[in-house]
Amino acid sequence: MQMALAGDQSRIWYAQAHLPVLALPDGHHETIRSILNIKAPMHYGEFIWDASRVPDGKVWLWVDLAHQELSVFRDGHEIGSAVILYGGPNNATPRGAFTILDKQANYFSHKYQAPMPYALRLTGDGVAIHGSDVREGWATHGCVGVPVEFARLIFSVTHKGDLVAIL
């Protein structure tokens, strides 16, 4: 379920002289120009997407396992955020810097007998970001699960080779 943000209050813009910089697991840094103004905690299955007033540019993803959240950045501006699922104790989601190796809109896992729509494969052994029924208490087998409509939006703005930082 997509949450809406209200007009001019939908984004927090940083002054040029005070742009935050995030250190990523592969040692490089990304400058943040604006973030979504999310005023209340999101719940399982919810996401926010607002790419208005954001220029085209490089896309990269930030996955925060501790906060169960994925953020999409384009040209240093956060354009999407969602509550996620991730791997359970026996199938941990790997941490680090990854690139999108492959994209498949209608992927089906034969190993788990499950559809994984809008899959962005990150590892050779099949760890991906994909559409899921994001519910409290659920986990994945190591993938990052996001609401299906959010996965479709991510799929539409990413390319093979785009960076994904999982912390």
Side-chain angles (χ1 to χ4, degrees), residues 2 19-36 38 41-51 54 57-105 107-109 111-112 114-167:
Q2 184 171 2
L19 296 174
V21 177
L22 293 177
L24 301 181
D26 65 352
H28 86 271
H29 298 80
E30 289 290 341
T31 300
I32 306 302
R33 301 180 189 298
S34 72
I35 59 172
L36 296 170
I38 303 170
M42 288 188 290
H43 302 286
Y44 292 93
E46 293 181 338
F47 68 92
I48 293 172
W49 190 272
D50 182 359
V54 172
K58 178 178 74 168
V59 172
W60 63 280
L61 310 179
W62 173 272
V63 181
D64 184 335
L65 299 177
H67 292 102
Q68 280 192 263
E69 184 175 275
L70 183 150
S71 290
V72 180
F73 288 89
R74 185 172 71 202
D75 192 41
H77 302 274
E78 185 182 34
I79 60 172
S81 184
V83 176
I84 65 167
L85 297 177
Y86 59 92
N90 297 326
N91 300 69
T93 299
R95 288 160 176 76
F98 303 89
T99 57
I100 296 172
L101 301 175
D102 190 36
K103 293 174 59 172
Q104 293 186 30
Y107 183 72
F108 184 87
S109 169
K111 181 175 182 178
Y112 297 111
M116 297 179 177
Y118 305 107
L120 306 175
R121 189 168 55 81
L122 304 177
T123 68
D125 62 353
V127 173
I129 296 170
H130 61 77
S132 293
D133 185 2
V134 179
R135 295 184 185 199
E136 186 171 5
W138 288 24
T140 70
H141 291 94
C143 290
V144 175
V146 299
V148 174
E149 180 60 18
F150 188 73
R152 185 189 67 75
L153 290 164
I154 296 172
F155 194 89
S156 74
V157 299
T158 56
H159 299 92
K160 285 182 182 179
D162 285 348
L163 174 68
V164 177
I166 302 177
L167 305 165

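A donor-acceptor distance shorter than 3.5 angstrom exists from the side chain of T93 to the backbone of G142, with no hydrogens or angles considered. In terms of modelled atom types and a separation under 3.5 Å, the side chain of T99 and the main chain of L163 share no donor-acceptor contact. Remark: the backbone N or O of T158 is paired with a side-chain donor or acceptor of K103 at under 3.5 angstrom. E69 places no side-chain N or O within 3.5 Å of a backbone atom of A82 that could act as its donor or acceptor partner. Without hydrogens or angle criteria, E30 side chain to L22 main chain gives no donor-acceptor distance under 3.5 Å.
Here the closest non-hydrogen pair linking C143 and G126 is SG-O, 3.9 Å. Across all non-hydrogen atoms, the minimal contact from E78 to S71 is OE2-OG, 2.7 Å. Scanning all heavy atoms of the two residues, the minimum distance from P25 to I166 falls at CG-O, 4.3 Å. In terms of heavy atoms, P147 sits closest to V83 at CD-O, 3.7 Å. Nearest heavy-atom pair, G88 versus A139, reported as atom, atom and distance to 0.1 Å: N-CB, 3.9 Å. Closest approach of V148 and Y118 over heavy atoms only: O-CD1, 4.0 Å.
The distance from the CG atom of L167 to the CG atom of L65 is 7.5 Å, given to the nearest 0.5 Å. Atoms CD1 and CG, from I129 and L122 in turn, are 5.0 Å apart once rounded to the nearest 0.5 Å. Here R74 contributes atom CZ and S34 contributes atom OG; the two are 10.5 Å apart, rounded to the nearest 0.5 Å. In this structure, the separation between CD1 on I38 and CZ on F47 is 12.0 Å, given to the nearest 0.5 Å. One finds the CG atom of D162 at 9.0 Å from the CG atom of L120 (value rounded to the nearest 0.5 Å). Considering CG of L61 and CZ of F98, their distance stands at 12.5 Å, rounded to 0.5 Å.
Ring geometry for W49 against F150 counts as perpendicular: the plane angle is over 60°, on a 0 to 90° scale with 30° as the lower cut.
Residues K160 and D102 are in side-chain contact: their nearest non-hydrogen atoms beyond the backbone lie under 4.5 Å apart. L70 has its side chain within reach of I154: a pair of non-hydrogen atoms, C-beta onward, lies under 4.5 Å apart.
The number of heavy-atom neighbours closer than 6.0 Å to NE2 of H67, taken from other residues, nucleotides and ligands shown, is 12 or below.
In summary, of the residues considered (V63, L85, I84), a side-chain contact (heavy atoms from CB on, under 4.5 Å) with V146 occurs for I84 alone.
Under the rule for a side-chain hydrogen bond (donor to acceptor under 3.5 Å, both in side chains), N91 has no partner lying at least two apart in sequence or in another chain.
Under the 6.0 Å cut-off for aromatic ring centres, H130 and Y107 do not qualify, their centroids lying 6.0 Å or more apart.
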- Message: Assess the residue pair L19 and R33 against the criterion (side chain to side chain contact (heavy atoms under 4.5 Å, CB included)); give the C-alpha distance rounded to whole Å, side-chain angles, the decisive distance to 0.1 Å, and a yes or no.
- Response: CA-CA 6 Å; L19 296 174; R33 301 180 189 298; 3.4 Å; yes
